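So you know, we letter chains A, B, ... as the sequences are listed, proteins then strands, and number each from 1. In this text the structure is predicted, and so the values were computed from the model without any measurement. Side chains are part of it too, since the values below use all heavy atoms of this structure and drop only hydrogens, waters and symmetry mates.
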There are 2 protein chains.
Amino acid sequence: MPEAASPSSRRPPRARYRELTLREIKDLAWEQVAEGGGAALSLNSIARRMGVTGPALYRYFANRDALLTDLVCEGYRGLAEAVDVAVPERGEAAPELRLRAFVQAMWTWSTEMPHRYLLLFGAPVPGYAAPEDTFEQAFRPMAVLFDVLAELPAGPAETSAVSGGRLRDQLAGWVADRGGAPVPPEVALRAVRCWTRLHGLISLALVGQFTATGVDPEAVLRVELDALLAGH
Amino acid sequence: MPEAASPSSRRPPRARYRELTLREIKDLAWEQVAEGGGAALSLNSIARRMGVTGPALYRYFANRDALLTDLVCEGYRGLAEAVDVAVPERGEAAPELRLRAFVQAMWTWSTEMPHRYLLLFGAPVPGYAAPEDTFEQAFRPMAVLFDVLAELPAGPAETSAVSGGRLRDQLAGWVADRGGAPVPPEVALRAVRCWTRLHGLISLALVGQFTATGVDPEAVLRVELDALLAGH
DNA sequence: TTCTCTAGTTATAGGTTCTAACTAAGGTGA
DNA sequence: TCACCTTAGTTAGAACCTATAACTAGAGAA
């Protein structure tokens, strides 16, 4: 009996066919998300484009939400891999360059398919349906950010903010829960601040809040990145 | 003939009734948005709750998108008014307190109805086109932020970033287009950075990205606000 | 009183998700 | 080889949704 996690080749034909069909469904689903966002996703229209009837897809996904959940998880995985590929390992590049690479990777990944980013970070997470693997994948870019920021000198704001108090405990509890390399709370706070700033700029740019202003969000991003590198 | 913009009282009964009905529709629509977001808005279910049949509502809104657009515009106006009320005028309070009031007003307004904030600044609803009045309303909180930040000393990042170059021109063009009091590009850049940071924190908190971490977003907000006040 | 305009009605078309019950065909074991 | 079982896909249909067309009843105005 072959392994459950093997690729679509070298499997019994039934399972192989099933994997190919799943892939086709999700590819078409991504197409729909790409042009109209999660709201535009329609099982019926995917079925039509595949040349089958609507109810056939319920053999592959329990309902529309299940497909959406699967896409979200795949999205997180894709983002994590893009970040992993783009950011050099420790020692392979200067810390400043690693942070620049991280920010650039996030920006590129989100702008090349705006609705994909918004699907992950723009709508309330259902919570009831999110499998544990999703949280795992979603955390991976943050772990990279921890690793990058640990090499950069901490700013004055972090060190004073986490000197005792509830925030320090919350940050410590968070990184402890996630396991992996130990991360000091200063670094965790720095990472959260970096992440939220990046998200603010990216998401406002993606939904078009900058277009009417004529201001280039990427230029603002450069200013923010420089501030981050200056320890602020 | 009475004025077109008069309130619902003191108008011919036909027009008065129409305004009351419009109000009732929008109130119920906000209720639906509050619990399920823009995607959960249903003309049919609003009609049911009003005790009329579905098609009756098409006398008041051309289609579902028209109602959504109206809500968005109303949302921007509400946010602008909340900010106007919360932030003291120049001279009535110290600049630091005015910025704190602004941030607090934004945070309160967004968290008291998360889906309302997300309707304005989250993923765009397919088919939505903002009328000119919306831009006007949407800019009002930013104008307040200009006014507040103009009183605070500019940080080093802004002054160097806008020393010539495209960004300076873009910022100058933007504030010139919007009219009102003249705003130096340093202040405009500072406002954009403040706005995007605030949005990043608020929106990630609203969609629940903080819940799994156990970190209190409001504590992070305080750190960011302190950094802003320190000129960073 | 009569006329007109409007808010609501019903009927209907076409879209969606999703369930139930049936059919056809491929894979498996005796 | 044959029978069985599992699975993918089918049709039919319920319960929603948006939206349009055509009709009706009643309020306001001439």
J.: Below 6.0 angstrom between ring centroids: does that apply to Phe135(A) and Phe139(A)?
T.: no

J.: Side chains of Gln32(A) and Ser45(A): do they bring a donor and an acceptor to under 3.5 Å?
T.: yes

J.: Ile46(B) has an atom CD1; how far is it from atom P of dA19(D), in whole Å?
T.: 12 Å

J.: Evaluate salt bridge (charged side-chain N to carboxylate O under 4.0 Å, His left out) for Arg140(A) paired with Asp84(A), printing each intermediate quantity in order.
T.: CA-CA 9 Å; Arg140(A) 283 173 58 195; Asp84(A) 279 347; 2.7 Å; yes

J.: Using a strict threshold of under 4.0 Å (side-chain N to carboxylate O), is an ion pair present between Lys26(B) and Asp70(B)?
T.: yes

J.: Please identify which of these residues, Met106(A), Glu74(A), Gln137(A), Arg116(A), meets the side-chain contact (heavy atoms from CB on, under 4.5 Å) condition with Leu79(A).
T.: Met106(A)

J.: Do nucleotides 7-20 of chain C as a string where each nucleotide becomes B, S or -: B if the base has a protein heavy atom under 4.0 Å, S if just the sugar-phosphate does, - if no protein is that close.
T.: BBBBB----SBBB-

